[in-house]
Amino acid sequence: MQEMLMAIWHQNFDQLIQLGKVDLLIWCLLLILFLESAFVFLPLPGDSLVLMAGGLMAAKVIEPEVVYLYMPLAAGLGSLLAYWQGYALAHTRFMHLIGRIVPDNSLPRATSLLERHGLLAMFSSRFIPFVRVLTPMMMGMTRLTFLHVTMISLVSAWCWTFVLSLASETLMKLPFLMQYHQLLGKGLVLVSLGLFVLAILAIVYRLMRKPAAPAGE
């Protein structure tokens with residue numbers, strides 16, 4: 001794992017391939033996207049990782065089917081797990097905990113999207129961190145049709161990965177950015193780690209700041 005991370009950090013993709021760590025990297029990407037879409041208390045940097053995957057595809061480290069098939073499938077299945085969490089845990093104390101750990105405006109945004117756009121809310125919320133987990137959970141709470149949620153979840157996940165990875169791949173292929181590839185790659189890794197750390201600190205802060213619900217609630 002350490003060798004894989006160092007190869008990514010130094011943009012040494014030949015070494016990554018020689019070490020035989022590409023499959024491990026792919027599985028890590030898929031797992032992180034699944035968990036990020038399924039659990040609101042795991043604020044993993046999904047957007048940054050999709051952008052990184054687009055760069056890796058441009059460098060021919062990973063194949064297009066990984067980005068355009070496996071990654072959307074992992075994110076879509078994560079949203080379905082979030083749906084079932086909402087279905088099973090509606091009106092329990094767990095939902096109050098969710099309200100404490102997410103950013104203050106996330107629940108209102110998810111509620112507004114759901115009320116105004118219905119099933120299409122999942123499509124638009126896919127591009128909003130935290131909200132993309134809350135929306136399928138709320139759909140589960142309101143018992144919306146699972147088949148429709150499944151279709152929207154998979155389509156929105158594909159559009160999300162397609163747009164972000166294509167943008168990253170296009171940038172990596174621009175001639176005037178060729179000499180900055182290593183810098184861009186390191187910057188993306190640092191941004192991903194920074195966002196993850198900040199999100200964890202924000203969750204801890206909100207848990208400490210907001211009082212717990214009374215036992216009777």
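The residues of the chain are indexed from 1 along the displayed sequence. The basis for the numbers below is simple: all heavy atoms, side chains too, and nothing from hydrogens, waters or symmetry mates. Not measured: the values here are computed from a predicted model.
Partners of Ile32 by side chain to side chain contact (heavy atoms under 4.5 Å, CB included), not counting sequence neighbours, listed by chain and number: Leu44, Leu49.
Of all the heavy atoms in Met52 and Leu29, the pair that sits closest is CE-CD2, 4.0 Å. Between Leu81 and Ala38 the shortest heavy-atom distance is CD2-CB, 3.8 Å. Contact detail for Gly55 and Ser168: the closest heavy-atom pair is N-OG, 3.2 Å. Considering all non-hydrogen atoms of both residues, Ser79 and Ser153 come closest at CB-OG, 3.1 Å.
Between the side chain of Ser37 and the backbone N or O of Phe34, no donor-acceptor pair lies under 3.5 Å. Although no hydrogens or angles enter the test, the distance criterion places no donor-acceptor pair under 3.5 Å between the side chain of Ser165 and the main chain of Val50.
Distance check: Leu73 CG to Leu33 CG gives 11.0 Å after rounding to the nearest 0.5 Å. Once rounded to the nearest 0.5 Å, the distance linking CG of Asp23 with CD1 of Ile62 reads 11.5 Å. Taking CG from Leu51 and CG from Leu166, the interatomic distance works out to 11.0 Å, rounded to the nearest 0.5 Å.
For the residue pair Thr135 / Arg126, no side-chain donor-acceptor distance below 3.5 Å is found, with atom types taken as modelled.
Leu164 is not listed as a side-chain neighbour of Met71, based on a closest heavy-atom distance of 4.5 Å or more. Val66 has its side chain out of reach of Leu56: every pair of non-hydrogen atoms, C-beta onward, lies at least 4.5 Å apart. You'll find the side chain of Pro64 reaches within 4.5 Å of the side chain of Met57, heavy atoms only.
Relative ring orientation between Trp158 and Phe162 is described as parallel, the plane-to-plane angle staying below 30° on a 0-90° scale split at 30° and 60°.
Residues Met151 and Trp160 do not share a hydrophobic cluster, defined by chaining ILVMFWY side chains whose heavy atoms lie under 4.5 Å apart.
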How far apart are the C-alpha atoms of Asp47 and Phe127, what are their side-chain angles, what is the distance that settles it, and do they pass the side chain to side chain contact (heavy atoms under 4.5 Å, CB included) test? CA-CA 8 Å; Asp47 297 305; Phe127 293 84; over 6 Å; no

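Atom CZ of Phe39 has more than 12 neighbouring heavy atoms from other residues, nucleotides or ligands inside a 6.0 Å radius.
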